[in-house]
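Predicted, not measured: the structure shown is a model, and the values here were computed from it. Lettering follows sequence order; numbering is per chain, from 1.
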Amino acid sequence: MEYNFKQIETKWQKEWADRKTYRVEVDSSRPKYYVLDMFPYPSGAGLHVGHPLGYIASDIYSRYKRLCGFNVLHPMGYDAFGLPAEQYAIQTGQHPAVTTEQNVNRYREQMDKIGFCYDWDREVRTCDPEYYKWTQWAFLKMYDHYYCNKAQKAVAIESLKAQFAAVGTEGLDAACTTPMTFTAEEWNSWDEDKKEQVLQNYRLAYRADTMVNWCAQLGTVLANDEVKDGLSVRGGFPVEQKRMKQWSLRVTAYAQRMLDGLEQLEWSDSLKEIQRNWIGRSVGAQVFFDVKDSERKLEIFTTRPDTIFGVTFMVIAPEHEWVEELTTAENKAAVEEYIEQTKKRSERERIAETRRVSGVATGSYAINPFTGKAIPIYISDYVLAGYGTGAIMAVPAHDSRDYAFARHFGLEIIPVVEGGNIEVESYDAKSGKMINSDFITGKDVTEAIPMMFEEVEKRGLGKKLINYRLRDAIFSRQRYWGEPFPVYYKGETSYPLPEDKLPLELPPIENFGPTEQGEPPLARVADWTFEGHALELSTMPGFAGSSAYYLRYMDPRNNEALVSKEANDYWRNVDLYVGGIEHATGHLMYSRFWNMFLYDLGYVCESEPFKKLVNQGMIQGRSNFVYRVVGTNKFVSLGLKKDYETQEIHVDVNIVKNDQLDLEAFRAWRPEFKDAEFILEDGKYVCGWAIEKMSKSMFNVVNPDNIVENYGADTLRMYEMFLGPLEQSKPWDTNGIDGVHKFLRKFWRLFFDREGNLTLTDEAATPAELKTLHKTIKKIREDIENFSFNTSISAFMICLNELGACHKRAVLEPLTILIAPFAPHIAEELWEVMGHSETIFDAAYPEYDEQHLVESAFEYPVMMNGKLRFKQNYPLAMTPAEIQADIVTTEGAQKWLEGKAPKKIIVVPGKIINIVM
RNA sequence: GCGGAUAUGGUGUAAUUGGUAGCCACGUCAGACUUAGGAUCUGAUGCCGAGAGGCGUGGGGGUUCGAGUCCCUUUAUCCGCACCA
């Protein structure tokens with residue numbers, strides 16, 4: 001009987017659904033394990049073979065853990081709010097809810113065919129009001145809290161109000177947009193609106209006038225991680241900097257904790273590094289420079305206070321708030337023109353023109369606090385308004401940008417660190433001997449920096465300060481298809497919706513574009529009000545809904561809380577998270593922030609949401625080409641194309657197998673190829689190929705349905721894993737899929753002969769068979785724990801090769817369980833064939849027995865390149881003499897050493913021995 | 001510019017973590033069975049060489065009895081950040 005994968009897979013997928021095999025509940029008698037996939041955005045294109053790569057890996061691990069006795073939570077859902085559905089709605093008028101529903105159904109169908117062990121009773125969709133109620137709830141909580149730097153946690157805003165009323169800002173150390181000082185009397189004298197304005201400076205969810213990334217084509221603002229090289233990540237439209245009133249989340253308050261938290265996470269070093277760079281912590285000094293003929297003190301931030309004796313000028317950003325004030329009358333025209341130019345240049349141009357030196361003098365001077373010298377203040381766009389204080393002290397001798405600027409404007413260059421060639425370029429040294437620097441002359445840079453921190457503080461010039469590159473997250477989008485803000489306005493002042501009014505449901509509309517006045521689509525809703533007051537018109541961004549979804553899976557139908565204490569205490573956090581690296585600075589940052597906040601408030605019991613994280617590589621497309629002889633409808637095979645003048649044409653990879661074109665399918669593919677003729681080599685048409693991004697236009701999109709149809713889900717699952725290491729990006733290539741399919745057929749044939757009779761016997765296994773079996777168990781267990789699924793599949797193949805025609809239950813039964821996480825359908829079927837009535841996933845994963853490995857594992861010494869080599873390990877404590885004595889007692893060694901005097905015995909402690917003859 | 005990763009046969013990859021480089025598959029070649037093969041089975045297959053033998057993990061150097069693995073250097077490719085003071 002042949003291996004009929006279609007029948008087997010349909011049967012078991014139905015059985016699993018009917019029996020609810022994968023439903024999980026809180027069960028304190030068993031240890032929990034939480035395996036999570038990054039839930040997909042259900043796009044119109046459906047699933048392609050890249051999506052399931054991570055899903056298959058996590059599915060294998062979930063099934064493995066379950067077989068090892070864990071209570072495994074493995075849920076799935078949909079990240080259903082987002083731009084593409086809305087763009088589609090604008091073009092077609094179809095409501096995003098409708099297209100999303102269609103896409104979700106398609107995704108579900110495709111996923112079901114692959115045989116995943118999700119508990120679908122726990123499915124969530126971010127666009128479901130029952131779900132986004134808790135997104136809105138979390139927002140209100142953030143609105144209601146501020147971050148106290150002393151307590152190192154979020155604290156209720158009420159206690160801040162009480163403090164303001166009692167002592168004002170006295171002794172306050174809180175995360176804020178701009179530092180403020182006022183007294184209790186001042187606070188108490190202000191009206192509600194004014195008080196609220198002040199509180200917005202501290203709330204963790206706040207509304208403020210900020211510089212934002214505005215994308216005109218998308219008609220919305222974007223967060224920093226949604227912009228790349230001055231273009232929107234979605235759509236690739238230009239993005240400009242604009243000052244707008246927007247809701248933001250104060251993620252910067254958690255910068256240090258997010259940095260520290262990385263230490264204990266089992267994430268890849270590269271991912272941690274990406275987050276560290278994104279947070280961008282730098283330790284430096286805040287220093288105030290006196291401005292000549294003025295009361296003002298210009299504040300700068302520097303990481304190199306040791307070079308302060310080399311400061312010969314200062315630079316402020318064109319957006320700096322003192323630009324006007326510092327500009328003298330005679331420089332006014334030049335400055336205004338420069339500012340005007342800067343404004344006109346878009347963000348893209350600024351990036352493209354990196355390293356072009358430009359700037360203008362203000363005419364004002366500052367006083368170097370250490371040398372007392374007057375130094376000119378310039379304006380230049382190489383200083384960014386958004387980082388530090390928007391002003392720098394320039395040390396041309398030791399900073400390449402300052403150097404270029406000084407050279408361009410003919411400014412003085414004073415070296416303060418020995419070395420380099422100041423005539424030619426700056427010497428950006430991080431160590432070396434200080435010179436020309438008064439009391440730190442002769443010290444090393446590394447000593448001088450801490451000395452200067454102290455000195456700056458002692459002289460009252462400033463203090464040591466830590467700066468972060470991380471910016472607060474812009475949280476509003478001028479869009480329709482997202483969570484509405486639970487916020488209404490009286491005039492300009494915002495008020496939170498009462499909690500019992502949640503969810504604030506997204507109202508249905510018909511026209512999804514912005515209004516003529518450029519307002520968000522919600523402005524079209526006639527009664528978008530709360531108790532007669534206008535509701536917020538923008539909606540939340542994509543990352544809002546995905547920030548806490550892993551918590552909701554723990555208790556998805558709870559109407560009283562995001563997650564019950566009981567469920568959260570049991571499931572705690574995600575043990576294994578599998579997904580793409582592209583979320584490194586987006587979702588994975590926001591989720592950690594969101595979780596830490598809820599942790600501060602006591603709603604969750606773990607401060608980090610994702611303990612271990614594995615990034616699966618991207619699957620690229622492998623395109624195929626045919627070569628048309630120019631001016632004809634003849635196509636020449638790859639090997640012969642050099643003899644013709646040809647035109648390369650992308651051909652649908654689904655009609656090419658092993659780079660060989662299916663001629664009939666090609667003629668049927670498109671009308672213009674109906675009469676195509678071919679110049680074949682060896683009777684075949686061989687196509688060319690290239691690795692490209694998977695995309696419709698290159699006809700290289702492979703969707704899993706075809707593979708499942710032709711080879712079955714088990715083959716797809718195993719093949720995707722066999723492709724190479726999980727974390728590596730690789731092109732999709734079906735050239736090797738037959739090998740994996742052949743393996744499954746071979747496995748099937750150990751149970752049945754050609755006539756379909758069961759060939760299973762109850763004979764006892766031989767030592768050799770047991771050795772093979774236990775070797776395989778050991779290897780498979782190790783490989784799964786290391787996420788090395790490609791090598792585990794090799795191990796299965798080796799096992800079958802070694803076993804040959806073995807029909808013994810004693811061997812095949814454990815082997816079937818061993819293979820079940822990888823190929824669940826065939827395993828389940830064979831399990832039933834072997835007479836079990838319960839599902840194979842209630843069995844226990846086999847343990848290996850060292851005994852079978854050791855007994856037959858005696859290693860004889862072998863002669864290699866004139867050396868006698870042993871593979872045996874010896875303990876550290878043994879002396880060479882003892883080892884030699886040990887060697888000559890073994891049978892094989894005696895044979896080798898008979899009558900020979902070894903020149904030397906080389907002992908690497910505990911490892912291996914070479915004997916040079 | 002800064003940071004991170006990768007480099008092994010015709011191809012995807014493996015290597016007990018410093019110990020016989022190329023496991024397992026694909027492909028190719030040869031053979032068997034076949035009316036047929038995109039079926040099945042057997043064998044060969046890193047390169048050079050008729051052979052003995054030599055060479056071989058991007059290049060160069062080093063440590064070591066021994067290096068794909070460790071160190072230095074260099075090249076190429078990919079990714080992240082980027083005028084971050």
Handout entry: Candidate pair A:Asp783 and A:Thr791, rule side chain to side chain donor-acceptor pair (under 3.5 Å), full reasoning
Key = CA-CA 7 Å; A:Asp783 282 350; A:Thr791 55; 3.0 Å; yes
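- Among the protein residues, A:Phe722 comes within range of the nucleic acid bases, having at least one heavy atom under 4.0 Å from a base atom.
- For the residue pair A:Lys6/A:Asn710, the side-chain donor-acceptor check at 3.5 Å is not satisfied.
- If you take atom P in B:U20 and the same atom in B:C81, they sit 42 Å apart, rounded to whole Å.
- A:Asp402 comes within 4.0 angstrom of no nucleic acid atom, judged by non-hydrogen atoms across all strands.
- Mapping A:Gly386 and A:Ile793 onto RNA chain B by nearest heavy atom places A:Ile793 at the nucleotide closer to the 5' end.
- Rounded to the nearest Å, the gap between the P atom of B:A39 and that of B:G27 is 9 Å.
- On the P atoms, B:A25 is 22 Å away from B:A21, given to the nearest whole Å.
- None of A:Trp732, A:Phe789, A:Tyr711 except one satisfies the ring pair (Phe, Tyr, Trp, His ring centres under 6.0 Å) rule with A:Tyr719; the exception is A:Trp732.
- When rounded to the nearest whole Å, the span between CG of A:Asp783 and P of B:U17 equals 14 Å.
- The phosphate of B:A85 has OP1 or OP2 within less than 4.0 Å of a side-chain N or O from A:Tyr387.
- Among the protein residues, A:Arg745 comes within range of the sugar-phosphate backbone only, with heavy atoms under 4.0 Å from sugar or phosphate atoms but none that close to a base.
- Residue A:Arg276 places none of its side-chain N or O atoms closer than 4.0 Å to OP1 or OP2 of B:G80.
- Phosphate proximity of B:G4 to A:Asn277: absent, as no side-chain N or O sits under 4.0 Å from OP1 or OP2.
- Distance CZ (A:Arg407) to P (B:C83): 24 Å, rounded to an integer number of Å.
- Comparing the C1' positions of B:G59 and B:A52 gives an interatomic distance of 31 Å, to the nearest angstrom.
- Atoms CD (A:Gln728) and C1' (B:U6) sit 8 Å apart, rounded to a whole Å.
- Atom CZ of A:Arg469 is separated from atom P of B:C2 by 17 Å (rounded to the nearest Å).
- Contact annotation: A:Lys272 side-chain N/O to B:G4 OP1/OP2 distance is not under 4.0 Å.
- For the residue pair A:Thr585/A:Tyr590, the side-chain donor-acceptor check at 3.5 Å is not satisfied.
- Here A:Asn801 lies in heavy-atom contact (under 4.0 Å) with sugar-phosphate atoms only.
- A:Phe313 and A:Phe405 have their aromatic ring centers within a separation under 6.0 angstrom.
- Residue A:Pro731 is out of contact with every strand shown, counting any heavy-atom pair closer than 4.0 Å.
- For the pair A:Leu470 CG and B:C81 P, the computed distance is 14 Å after rounding to whole Å.
- Between A:Arg749 atom CZ and B:U40 atom C1' there is a gap of 8 Å when expressed in whole angstrom units.
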